[in-house]
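Down below is the structure, laid out as structure tokens.
Not measured: the values here are computed from a predicted model. Just so it is clear: chains get the letters A, B, ... in the order the sequence lines come, proteins before strands, and each one is counted from 1.
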Amino acid sequence: MEQMLGSYLTLGAILFCIGLYGALSKKNAVIVLLSIELMLNAVNINFVAFAKYGPNANLSGQIFSLFNMTIAAAEAAVGLAILILLYRNKGTTDVVDMNMMKK
Amino acid sequence: MRLQASDLTYLGPELTLIIAAVLISLIDLLMPGRMSRKWLGWLTLGALFVSGIFTVMSILSLGGNEPKEAIILLGQSYRIDDFAHLFKLLFLSGTVLIVLMSMGSIRQEGIRHEGEYYYLYLPAVLGAFVMASSGDLITLFVGLELLSITSYILVAMKKSDKRSNEAAFKYVVMGGIASAFILYGMSFLYGMTGSTSLAELSVHLQKLDESFHAMIYLSFFLMLAGFGVKIAAAPFHAWSPDVYQGAPTPVTAFLAVISKGAAFAMLFRIVYNAYLGVGYRGVEEPMISDDLFLSLLILAAVAMIVGNTMALRQHNSKRLMAYSGIANAGYLLVPLAVQFQGLHYSGVSELIYYLVAYGLMNIGMLAVIMLMSQSVGHGELRGFSGLYYRAPWTAVATLVLILSLAGLPITAGFFGKLYILLGALHTKTYWLAVIMIVTSVISYFYYFGIARQMFMRSNSERQDVARNGYLQTVIWFCAAATVLLGLFPQWIIGWISDIFQLSFDFFTNR
Amino acid sequence: MNEMLQESLTWTNAGIFFMFATILLFVVLGFVTYAIYFERKVIGWMQLRIGPNRVGPLGLLQSVADVLKLLIKEDTIPHKADRTLFILAPVISFVPSFLVLATIPYTDSIHFAELNVGLLYYVAISGITTIGIMMGGWASNNKYALLGGMRSAAQMISYEIPLVMSVVGVILLSGSLNLTTIVEGQSGGLWNWNFLPQIIGFVVFIIAAVAELNRTPFDLPEAESELVAGYHVEYSGFRFAFFMLGEYVYVYAIAALTTVLFLGGWHAPFEFLSFIPGILWFLLKFSMVVFSLFWIRATMPRIRVDHLMGLGWKVLLPVALANIFLTAILIELLN
Amino acid sequence: MDNLPLLSWITLSPLLGILILLFIPKDKGKWIKTIGMAAAFLPLLFTLILWTSYAPEQAGFQYEEKRTWIEVPLNREAVPQIFIEGEMANVSSFAYEFDYHLAVDGLSLPLVFLTALVSFMAAFAAMYIKKRWKSFYILFLLLQVGMFGVFLAKDLFLFFIFFEMAIIPTFFLIGIWGFMDREKAANKFLIYNGVGSAILLIAILLLVNTAGFSVETLPKTGDEPLQAEMVYHADMSVIASNLTNPDAYVNQDPESLSQNPFYMSESMKWTLFLLLLIGFGIKLPIFPFHTWMLKVHTEAPFAVVMIHSGILLKMGAYGLMRFGYGFFPEQAQDAAMVIAILGVINILYGALLAMVQKELRLVLAYSSISHMGIVLLGLAAMNAAGYEGAVLQLISHGLISALLFLIVGSFYQRTQTTELSQLGGMAKSAPFMSGLLLLAGLASLGLPGLSGFVGELLAFIGLFGEMRVLAIIAALGIVLAAVYVLRAIMAITYGPTSSATEGMKDARFAEALPMIILAGMIILIGIYPYWLIHVMEPAIQTMLSGIGG
Amino acid sequence: MEAYVNHYVIVTIFLTLGILLPIAALTVGRLLRPNRPTEEKQTTYESGNEPVGTAEIRFNARYYLYALMFVIFDVETVFLYPWAVAYDWLGLFALIEMLIFVALLVVGLIYAWKKKVFQWNSI
């Protein structure tokens, strides 16, 4: 089962990197939020994999991932709400247009 | 293992906050729409106050225990110790000032959800409490997110203001990425040890063999990246100027002081509980933990340099404060990054003292900025010009705060930096001390730039300074406290060392 | 099959599983065909009409004819539609409806996958259908379809909450998410069936289930008179058929789930009747539930859209929550 | 008299003035000026009392006032027990201790006197200030507190605070009341001095962390185990005695004592000495760090320049003597050559540039640099004559430059310019001031019988014994001094009357009084320097004893 | 362990079948049905009128609010289910904890209610 752990961790890492890439480089704000969710889910894979196949496997990893899901949901909810607000006021969800400050 | 009814008394501060948050939100909902919401602000203050009383009581009751021992609740996931108490008191008093600021700004900032503007601070502070007090990764993370998510909303409080929305969105994105990084790091920590409890974690980590060393580094650096964002330390600072500028000013103060402080409390717990002395590789080889602490030192240095040099180019006062916050994050990292060794065991009191000082001067300064932008209608630095002619007393108070920020005597900011420096020199980290001092001198440029505007420029903005009792109270309190704590730092530090003992309060596990 | 489940997996075993699953698929398809016929008949009788009676004896082949007609009907995809999503949508809305059937036990020996998290599995998988419906509404690039899709999604997610919460009482009583265990917990007669101690949960469950199925009185998403045909207005031929198919497979699934959760599954209502095989009991109860669903459709008028949402959030959700704690407290007191 | 906290009175009495000023409305200009001057006079009064009761023959510090101010407890868990003289002692407390510690000795006293006198005169000269008297006097008095504190503090921490306290009001005094380019000047002042004090701070903290450490055992009571207090002091005397005591932790090699964190290696000592040299050198100013001061001299109001050139520059020299030479005599000895060369560079560079300036204030600024070079020479000599010369030079330059700027200020008041080309023929219209200007100029170039001569002579004598060649080169600077001083004064007082000086009035009584007093002091020191030397003799002997020569 | 794997094999088989059926049916349909597309057939249906604009428009923000509410309450069940399963072990203490948890969510519900989230205004 040792190999299983490795594959899961690799999957997690790949997802995490995809998410990070998306969060940092995508222009559409919704995709940015989605990418963040992807990162969080990558972490969940890690937790669950460790909880099952880790050197000291036990349940707390799964519990942790439950909490993560909840928190990710709350974060997504707030993020979306803010995005809607932004869209209402600015009429765009393009991240490139978010440069009101800094001038 | 389970929570006993008697343990609830120890949770008094937390329970007060949560009950108050629920009650006040219900009151706000059921209150007729036309009634003034101002007294919700007073209720919030009351709740913070009661929570403070509980915290003090808890400190007293801990002091009574002989031999002194931390109270550990809920299967090691929650610690009631004096480390947490000190931070809690800090958060509470900071929030009191910030709520006062909010009450003085509700109309000017154009916030429609007045009730929320007050009581959302309560769950945010609760999150900070949990971060300071928990002994388990899960609880730590939940606390962190409670704080973060509430502050996302607070940042977006100016609903119709595009800047506020934009700032909130940036904050959500960066906060989310940071959380993901922290979690990713935690997942490796958990994976190596099979435990989420900080105490067990450290035991397991010490025993790990060579093959896990890479993972130790990985987990630490991932978490460091995440926390770097949360404390706004360069190079993870990109969000902070925009967010600070866009957020309502009291919220800016909240982010700058409470959020940052809580992240430091959490970082302190993780670094010292889990990573101290980890990774022994042989007698001659440096331990892994030495490398980790070195990386913290480097982060501190980079934050100081970047924060202070970037601040030189700012024209907007809140952006200036953001960069100053980045630099201060660097200073605050120093007591953390300088390991306990030899005779140096005072990292905690250095951190807390400087946090107190930093909180006072930052909140005070932001209150000044708010007062100024209420008077002149914008937040640019030139708004300060000729302040001395318009409001000499406010100008003097501001000067005190500026001196403190710049780290000149006789202010809390000066002594705080000095204390941190002494610690750094103590452990012979000379290069960092030099960077710290040199960057402080660089900071004179921009801090005294404000002073020049106030005292040496003529009055280009003709408006009178707005009268605002709340803000003026905050400004004067901060200025006075800054001077007092600068004159008599032992009041705070002595008190800290009276109630706090590192080995009993921070490291013991029942 | 039971023994095979305990053995280690071989290609033969897998083949046999596959065969059984295919059989089930055809059973389900047959059910759907005749459920449509049955529905039309029932409603017809209730409205003092005859219902389908032309194709085949007693109109028994009517549905078959309908299917054939759909099969050979020209399939158009609008120019403005998002082609990929348009094609994908019916599949996505159908697949989960069949997938949830994997976990339903018919008797203690006739069952497919016996998952420890069976109930959770059902709830989780069935949620995917919403995406298919939304996708169809969006991909059609048609205002009616979009509105229908949005409404449907709003309605489904609104009622999913009470649905999911109403079964927590059942879980509390049986202490498991495994559907077989839940049924076994209800053995020993009518008064042990969950619908009695969980009467509130049962009612909430039925109402929410009807809404989940987009059936009258909650068939707002496809309200012909308001939205032409809702989210599938642009669909024709077999693509449309799959939306329909999905809906009726859900009728099957919900009826089976109701039986399992609340009506004691394959258990006889009274001890002395237990000589009758469990599968018959199951089918009997199952048919009753299906019949009631059609009955409701025949009798109830369509509910207004604002009432619909209000009902879900303001009534069913609090009631479901109250039910959970009522149950929990009762369990605590009785122990 | 000895139990009176006289030094606190001197240092803090200006605060009394601030307190009163705060309650006076800012449009009552006359009141404000009167109170400001009175408050500035108080320290002078106390200084005179101090001088009369001071025991000059007694070496060491007098009038000590010591109160614990900041006692920052440190975590004791690191070292719960300590091994002292063959016995285990429990550590009962472990702390940083910074004291409010004032004392005066032969080195401080003349400088305190100079400060009191010159700042009082400057308060007079501040009459010319046209706006915002209230804040001017408040800042002025704060500055005064800082200056007295610097010369009197015996605790390094306290010293540093006063040092900074002298910088910040000066920043505002320059920036608000200065001339056209005031903000730039203020900024330059702040940054240079900020860097200087930062360097100083590092040195101080390093000293506190190593040499400041001491263990004190408490008297034993009964059967209780021995109690010890571990303290980091910032007190000068503790640090100095630790540095000289071979048994102190500072001087014990880590080899002999396991993990001695207090050990100060030779290179560390050098680093500290250099840090102090640079930190104070910026203030002094030593050659490459002098540019800020030119700007200040031309842009600051005259009253502030009087203080600045008369006193603030002396703080650097004082600090260097007290701490650089006081703590690290051996390093100073080794670096004597370098310091002497720096001094010579200062002298020649200042003198040469002073010769070509077209602006009177810049002439004076460069002459200040040149004179400070002489102080460095005296220090480099490392003998009694050199030290005495250096201190005397400090005092006399303080008086002379105060007088010069006072007069120049008065001129500026009448002519609105200090360009040499626009002034001329003053002797006709203002003979009194021109005479005094000449006197001050002559003193500055070192005419015997005036104060400048004594200091320069002693410094050169001192250096001549040690480094003959350098002394001779430096003497060239004296000749140059005669050239630039006379050139400038001639240009002002004689020659054709320019339009600017046409119909100028001579000094009023209020203006003349401080000039007369200052001139009187210059002459007094020139004729009878013994009264100063006699006071500083014991202090200088003590310092020399540290060198072991 | 075998049983565990087997059950999920069955789930996979169901998934495969679920996907195969539409593919098969649509392929068969493609062989049987006529295919004569014209411009008119492929226009969007808008009750017989010429279609106006596209339908890819902003929807009412109300839908998002429902989505947000859904997310919040659906995630609540993540905690309710394990609690309900293990209720017999956990007992009164967990009951009270869960009551607190749900009460907080109910406060959220009341908040949404009072802020008129559930008030459907047409569309």
Side-chain angles (χ1 to χ4, degrees), chain A residues 5 9 12-13 16 19-20 23-24 29 32-33 35-47 49-51 53-58 60-61 63-68 70-72 74-83 85-90 93 95 97-103, chain B residues 136-139 141-142 144-146 148-150 152-153 155-156 159-177 179-197 200 204 208 212 215 222 241-246 315-316 318-319:
Chain A
L5 181 62
L9 293 190
F16 191 85
L20 184 61
L24 295 179
V32 171
L33 286 181
S35 304
I36 291 171
E37 293 297 306
L38 191 61
M39 289 169 82
L40 291 172
N41 283 329
V43 176
N44 281 345
I45 289 181
N46 249 24
F47 269 117
F50 276 126
Y53 303 116
N56 298 300
N58 60 15
S60 28
I63 297 170
F64 209 145
S65 63
L66 276 189
F67 277 94
N68 288 350
T70 326
I71 284 163
E75 200 170 290
V78 171
L80 261 181
I82 289 168
L83 187 60
L85 206 57
L86 195 62
Y87 186 68
R88 263 193 200 165
N89 285 334
K90 286 189 77 165
T93 55
V95 177
D97 292 335
M98 296 190 192
N99 55 358
M100 286 203 59
M101 291 163 281
K102 228 173 230 176
K103 273 167 286 180
Chain B
D136 192 288
L137 293 181
I138 301 180
T139 342
F141 186 69
V142 171
L144 174 70
E145 287 299 311
L146 181 55
S148 309
I149 292 177
T150 348
Y152 301 152
I153 305 173
V155 172
K159 258 182 95 172
S160 49
D161 181 359
K162 288 180 198 167
R163 285 165 201 270
S164 174
N165 301 340
E166 197 180 302
F169 186 73
K170 282 181 181 166
Y171 193 36
V172 169
V173 171
M174 286 316 289
I177 293 176
S179 301
F181 267 102
I182 293 173
L183 263 182
Y184 203 38
M186 281 180 174
S187 79
F188 285 114
L189 211 48
Y190 163 74
M192 285 183 287
T193 61
S195 165
T196 54
S197 156
E200 290 173 24
H204 285 295
L208 289 178
F212 283 100
M215 217 186 251
L222 284 171
D242 287 354
V243 174
Y244 279 30
Q245 190 187 346
H315 301 293
N316 183 291
K318 275 162 88 178
R319 287 183 86 81

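Between chain B and the residues A:L40, A:I71, A:V32, A:N44, the most heavy-atom pairs under 4.5 angstrom are made by A:I71. Highest contact tally toward chain B, considering only A:A23, A:A81, A:A51, A:G79, is held by A:A51 [criterion: heavy-atom pairs under 4.5 Å]. Options B:L146, B:I177, B:D161 differ in how many heavy-atom pairs under 4.5 Å they form with chain A, and the most are formed by B:I177.
Among all heavy-atom pairs drawn from B:I138 and A:S60, the shortest one is CD1-O, 4.2 Å. Taking every heavy atom of both residues into account, B:K159 and A:L85 meet most closely at CE-CD1, 3.6 Å.
Residue contact with chain B, scored on non-hydrogen atoms closer than 4.5 Å, is absent for A:A77.
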Can you check side-chain contact (heavy atoms from CB on, under 4.5 Å) on A:E75 and B:Y152, steps first, answer last?
-> CA-CA 9 Å; A:E75 200 170 290; B:Y152 301 152; 3.9 Å; yes
Run the numbers on B:V142 and A:T70 for side-chain contact (heavy atoms from CB on, under 4.5 Å), then give the verdict.
-> CA-CA 10 Å; B:V142 171; A:T70 326; over 6 Å; no
side-chain contact (heavy atoms from CB on, under 4.5 Å) assessment of A:F64 paired with B:D136 | CA-CA 11 Å; A:F64 209 145; B:D136 192 288; 5.9 Å; no
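With contacts defined as side-chain heavy-atom distances shorter than 4.5 Å, the pair B:Y190/A:N46 does not qualify. The shortest side-chain heavy-atom distance between A:L83 and B:V172 does not fall under the 4.5 Å cut-off.
Taking the six-membered ring where the residue is Trp, B:F188 and A:F50 present perpendicular rings, their angle passing 60° and hence far from 30°.
A distance of 6.0 Å or more separates the ring centres of A:F67 and B:F141.
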